[in-house]
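Chain A is the first sequence line, chain B the second, and so forth, proteins listed ahead of strands; every chain is numbered from 1.
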Amino acid sequence: MPELPEVETIARGLATRVIGDVIESVWLGQKPEPLKSPAAEIARTLEGSRIRAVHRMGKHIVFDLERPKTSKRRKAETDDNSSAQWIVHLGMSGRLQVSETNAEVVKHTHAILKLKSGLELRFVDPRRFGRLSVATTGNFDAGGVEPLEVELEKFTALFRGRKGPIKSALLNQKLLRGVGNIYADESLFRAGIRPRRRVNTISREQLRRLYLAVREVLTEAIALGGSSISDYVDADGEEGFFQLKHRVYGREGDPCLVCKTPIKRIVIAGRSSHYCPKCQR
DNA sequence: ACTATTTCCTGGATGC
DNA sequence: TGCATCCAGGAAATAG
């Protein structure tokens, strides 16, 4: 469930702790590993690299790496070869923890990076929906556009020619990246649009409201450190507080905060979707 | 070219 | 108390 605001919070927290540090060695867990790249390639790319930056792209955490200079002679234009990226997708239950070496290695730890500072960066993921990969080219592209960067015109264009429910389109990472189930529901509530509404029946004005709602919800959620439901905590082990601001998500049967009508829950594309039948049309 | 459905996975909650 | 069943969800794969 980490979505854009939670991933942003985690990436910021990690940045303050590991930027400038050097990855000395990498341990990757046993057989069914949550890896997208081959284990050997991940280890080879990470080991010896310096962490230059940590940022978020959609729901991915991206570590920009500077690979060690080889002692061998290199061609003139090898600048590109010195950069690479480590990409972490937390899935549902993934966590990245900065730990002391002597800290207990908890169950479901799938990767441990030993850093030069003496700290360890550990990837823990009970449900194993998370994924680790490397981009040796250093130009990873998550696809889709950033909701907080895209302009209204481009946002509107994303939905052109689509017929499915607006909720499904919002969750489609190839269109908009970073919005997940919670923020899709919260955005649709603020925009006054039912999750099942077909994209091609939504007016230009309503799309503009949706655009503003998505940005508003994500911005507020980032400011509050994300939503802590189930066991989400950020890189410092701190909980977020946006769950206290949820107006529909997880509020099935509770009165709408605007009109007191009980919030409904339906299933769209296998996802529970919450909305107010009176405020949203 | 889209859209809908299924699959992966485990811990916590619920039911009998 | 104990055991079975259900549910949560992102994204990839599969099917239509």
**Item:** Connected hydrophobic set around A:Y275, excluding itself, where side chains approach under 4.5 Å
**Value:** A:I266, A:I268
**Request:** Compare the minimum distances between each of B:dT5, C:dG10, B:dG11 and the side chain of A:K107, then state the nucleotide with the smallest one.
**Result:** B:dG11
**Request:** Could you say whether the aromatic ring of A:F129 and the base of C:dA11 stack, counting only centre distances under 5.5 Å and plane angles under 30°?
**Result:** no
**Prompt:** Mapping A:G270 and A:K163 to their closest nucleotides on DNA chain B, which lands nearer the 5' end?
**Reply:** A:K163
**Prompt:** Counting just side-chain N and O atoms, does A:H108 come under 4.0 Å of either OP1 or OP2 of B:dG11?
**Reply:** yes
**Message:** Given B:dG11, C:dA11, B:dT5, identify the nucleotide with an atom nearest to the side chain of A:K59.
**Reply:** C:dA11
**Asked** Phosphate oxygens OP1/OP2 of C:dA11: is one of them under 4.0 Å from a side-chain N or O of A:H89?
**Response** yes
**Item:** Between B:dA1 (P) and A:R160 (CZ): distance, integer Å
**Value:** 18 Å
**Message:** From CG of A:L132 over to P of C:dA11, roughly how many Å is that when rounded to an integer?
**Reply:** 15 Å
**Request:** Show your reasoning for whether side chain to side chain contact (heavy atoms under 4.5 Å, CB included) applies to A:L14 and A:L121.
**Result:** CA-CA 9 Å; A:L14 288 170; A:L121 192 49; 3.9 Å; yes
**Side chain A:R131 and base C:dA11 donor-acceptor under 3.5 Å** = no
**Request:** Of all the heavy-atom pairs spanning A:V62 and A:Q85, show the shortest one and how long it is.
**Result:** CG1-NE2, 3.5 Å
Can you list, pair by pair, the side-chain donor-acceptor contacts under 3.5 Å of residues 147-165 of chain A, counting residues two or more places apart and other chains?
residue	atom	partner	partner atom	Å
A:E153	OE1	A:R204	NH2	3.3
A:E153	OE2	A:R204	NH2	3.2
A:T156	OG1	A:L152	O	2.9

**Prompt:** Among residues 197-204 of chain A, which residues get a heavy atom nearer than 4.0 Å to DNA chain C?
**Reply:** none
**Request:** Return the value, rounded to whole Å, for the distance between atom CG of A:L170 and atom C1' of C:dA11.
**Result:** 16 Å
**Asked** Quick one: is A:R128 getting a side-chain N or O under 4.0 Å of the B:dT10 phosphate, OP1 or OP2?
**Response** yes
**Request:** Check the distance between C:dA8's P and A:M92's CE and give it to me in whole angstrom.
**Result:** 10 Å
**Asked** Is A:E220 salt-bridged to A:R190, cutoff N-O under 4.0 Å?
**Response** yes
Pairs under 3.5 angstrom only: tabulate donor-acceptor contacts from the side chains of residues 254-262 of chain A to other protein residues two or more places apart or in another chain.
none

**Message:** Can you measure A:E6 atom CD to C:dG9 atom P for me and round it to whole angstrom units?
**Reply:** 13 Å
**Message:** B:dC9, OP1 or OP2 - any side-chain N/O from A:S93 closer than 4.0 Å?
**Reply:** no
**Residue whose closest nucleotide on DNA chain B lies nearer the 5' end, A:G161 versus A:R271** = A:G161
**Prompt:** Between A:K36 and C:dA12, does any side-chain N or O lie under 4.0 Å from OP1 or OP2?
**Reply:** yes
Taking only distance into account, with no hydrogens and no angle test, what donor-acceptor pairs under 3.5 Å do side-chain atoms of residues 111-120 of chain A form with protein atoms, sequence neighbours excluded?
residue	atom	partner	partner atom	Å
A:K114	NZ	A:E120	OE2	2.6
A:S117	OG	A:D21	OD2	2.5
A:S117	OG	A:L119	N	3.3
A:E120	OE1	A:R122	NE	3.0
A:E120	OE1	A:R122	NH2	2.9

**Prompt:** Between atom CD1 in A:I182 and atom C1' in C:dG9, what is the gap in whole Å?
**Reply:** 10 Å
**Asked** Between B:dG11, C:dA12, C:dA8, which nucleotide gets closest to the side-chain atoms of A:Y249?
**Response** C:dA8
**Message:** At 4.0 Å (heavy atoms only), tell me whether A:R265 reaches a base, stays on the sugar-phosphate, or touches nothing.
**Reply:** sugar-phosphate
**Item:** Reference residue A:E252; test side-chain hydrogen bond (donor to acceptor under 3.5 Å, both in side chains); the match among A:R265, A:H274, A:K264
**Value:** A:R265
**Prompt:** Is there a donor-acceptor pair under 3.5 Å between the side chain of A:E146 and the backbone N or O of A:G58?
**Reply:** yes
**Item:** Separation of atom CG in A:N172 from atom C1' in B:dC2, rounded to whole Å
**Value:** 10 Å
**Prompt:** Any idea which of C:dG10, B:dC9, B:dA4 is nearest the A:S168 side chain?
**Reply:** B:dA4
**Request:** Take atom CG of A:L90 and atom P of C:dA11, then tell me their distance rounded to the nearest Å.
**Result:** 11 Å
**Fill in**
Computed from five pairs at either end and rounded to 10 degrees, the angle between the axes of the helix from B:dC2-C:dG16 to B:dC16-C:dG2 is 50°
**Message:** Salt bridge or not between A:D185 and A:K167? Use side-chain N to carboxylate O under 4.0 Å.
**Reply:** yes
**Prompt:** Heavy-atom count around A:E205 CD within 6.0 Å, excluding the residue itself: above 12?
**Reply:** yes
